[in-house]
Amino acid sequence: MDFSITITINVLMPMKMNKYSQIFGVATFFVFIACTHSVQSASLSQAGVATAHPLATEIGEKILKNGGNAIDAAVAISAALAVVEPYGSGIGGGGFWLVHTVVDGKDVMIDGRERAPYAAHRDMYLDKDGNVDHKKSMDGALAAGIPGVPAALQYLAEKHGLLDLSTSLEPAINLARDGFKVDEKFIQMLKFRLPAILASAESSRIFLNNNALPEVGYIIKQDDLANTLELIANEGMDGFYRGVMATKLVNGVKEAGGIWSLKDLAEYQVVAREPVVSQYKGMKVTSAGLPSSGGIVMAEVFNMLSSIEQKKKTDSEQIHLIVETMRRAYRDRAEFLGDSDYIQVPVKKLISQAYADLLSADIDNDDATPSSSLKPVAFESGGNNTTHFSVIDQRGNRVAATLSVNYPFGSGYMVPGTGVLLNDEMDDFSAKPGVPNAYGLVGAESNSITAGKRMLSSMTPTFLETQDRIAVLGTPGGSRIISMVILAALEFHKGGDARSMVNLPRFHHQYLPDNIYYEKGALSEKNIEELELMGHRLSEGSAWGNMHAVIWNKTKKTIDAASDQRGIGKAVVIKE
Ligand code: GLY
């Protein structure tokens, strides 16, 4: 760490009186870092940031260079992505921030997932004939859950950051006000959601050029969003969930056919939850707990894989075994998982080795198990919505954050005068048990709509730890998020670097449809032939996901970072 740089920053940047400064005082800040290093052996000379957008990465980098820690960088990046990547996440959406703090060596998952409004009910997306009306759960204000991002930003900054919330939000506020140039991906996403965007006068005004798709290089300025972020910067979450802003949001939602109330906003709280921890052959896997399904599905897969001998098997046999474990774990996701604040989920049992041994007992080494022969339940398919970023700071603090507004540009509806683009995360509930949603999701009762409940997610921010390396990773991509993180974790376990983890060609199985999906290059002709002979059905799909990983090599004291070549993101390593 370059002390002279940081000392300058202490003068320039307002260090808040958080628990660190209260205990030690700002003047002894550096002594504190030195102590932390010796206690935790976490001294790094480098830091790393990888996000889905170059401007967000640059903002994260700046915060780290200017005295912020990984959590401050995460706050700044989350807000910046809300400005430049509104198709992936935003302050009208939610997310999970997996945080490791060196000061206490603890991991915690900050759950800023959206909640169903209190007026929500089980059959709210059914028409008069009892059929699911997907348009209602995906487009417009009725599709929106109560956002969690603004509350999470305050929580993260206050509980774990070194900088004031206003300091970390400032770059995003400037970016919203000054504007940014749209790229090809932004335009593609707009095109995909054009009807929903056009249905909202405010979204059209902000994102389109005279109601038409903008050209590459068109500058999008978001003054209302800058003002709303400024309100959060000055007043914390109350600036969003209470007072003038809350009234504007509730009125705007109601006028557009939604059901939010002031009570919904005033009572929104983030929850600090225990992550799910599992092991795979000497690698510790720390990942998201409920209401994300990611950690539990991964734990089941890794437990099954750990007890299945994989050595001396051919490529195709190994792929077969991974697919069979995915099939079984995704089946359980559909049957058992939902918001554990509202339903009983047997988490302990699901993540136990004894259960995995039972589950894997009928895996045949040579033949695919037809999913139809397993007890039938729900499934979900992938998407390219959502966003992820990974940060490790010079002190060893780390954040893996996966954030979402669900479908690209969420519900498409922007509340007039606020710059807040609403999510359509309500579609992650099962609108009717047994009937697929727009992604092909057939939900079970465990994920049915209940007032105030959080909808089940697949977002899987993850830490991996071996004897000499720690990886921070995650990706967008609907239910395929979990299989992508599993494959990247296996690659890391084999010694792969950040670049090989994020760019790895992918395959996926999720129980139903009973099909292996694969990207071009993920399987050889020989693999395909052999897997078909085992009874698998396969289909090649277009590329999916947008993974961002940062790896700390504890032995070499170096950082390695990479952003997925499928996206437009940027990874940086910050050296002394
Ligand atoms: N909306 C994507 C997810 O939470 O899984």
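Order of appearance sets the numbers: ligands from 1, and atoms from 1 within every ligand.
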Hey, which atoms in ligand 1 end up nearer than 4.0 Å to a heavy atom of [X]?
X      : answer
Ser458 : 3 (C), 4 (O), 5 (O)
Glu425 : 1 (N), 2 (C), 4 (O)
Met459 : 3 (C), 4 (O), 5 (O)
Asp428 : 1 (N), 2 (C), 3 (C), 4 (O), 5 (O)

Notebook entry, point to check: Is NZ or CZ of Arg398 both nearer than 6.0 Å to the six-membered ring centre of Phe463 and within 45° of the ring axis?
Noted result: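 Yes, cation above the ring, under 6.0 Å and within 45°.
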Item checked: Lys263 NZ/CZ over Tyr118 ring centroid, <6.0 Å and within 45° of normal ->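 Cation-pi check for Lys263 and Tyr118: passes.
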Next item on the list: Quick one: list whatever passes salt bridge (charged side-chain N to carboxylate O under 4.0 Å, His left out) with Glu114, sequence neighbours left out.
Entry: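 Partners of Glu114 under the salt bridge (charged side-chain N to carboxylate O under 4.0 Å, His left out) test: none.
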Item checked: ring pair (Phe, Tyr, Trp, His ring centres under 6.0 Å) partners of Phe186, counting only residues at least two apart ->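 For Phe186, the residues satisfying ring pair (Phe, Tyr, Trp, His ring centres under 6.0 Å) (neighbours in sequence not counted) are Tyr87, Phe180, Phe409.
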Notebook entry, point to check: Do Leu464 and Tyr280 pass the side chain to side chain contact (heavy atoms under 4.5 Å, CB included) test, and can you show the C-alpha distance, the side-chain angles, and the key distance before you say yes or no?
Noted result: CA-CA 10 Å; Leu464 305 171; Tyr280 174 72; over 6 Å; no
Note to self: Quick one: does any side-chain atom of Thr462 pair with a main-chain N or O of Gly474 as donor and acceptor, under 3.5 Å?
What the structure shows: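 No, Thr462 side chain to Gly474 backbone: no donor-acceptor pair under 3.5 Å.
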Check: Which bit of Met455 gets closer than 4.0 Å to ligand 1, counting heavy atoms only: side chain, backbone, both or neither?
Finding: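 For Met455, there is no contact with ligand 1 at all, from either part.
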Margin query: Between ligand 1 and Arg113, is the shortest N or O to N or O distance under 3.5 Å?
Written below: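 Right, the criterion is met.
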Next item on the list: Could you establish whether Ser404 and ligand 1 come within less than 4.0 Å of each other, counting only heavy atoms on the residue side?
Entry: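 True for this residue.
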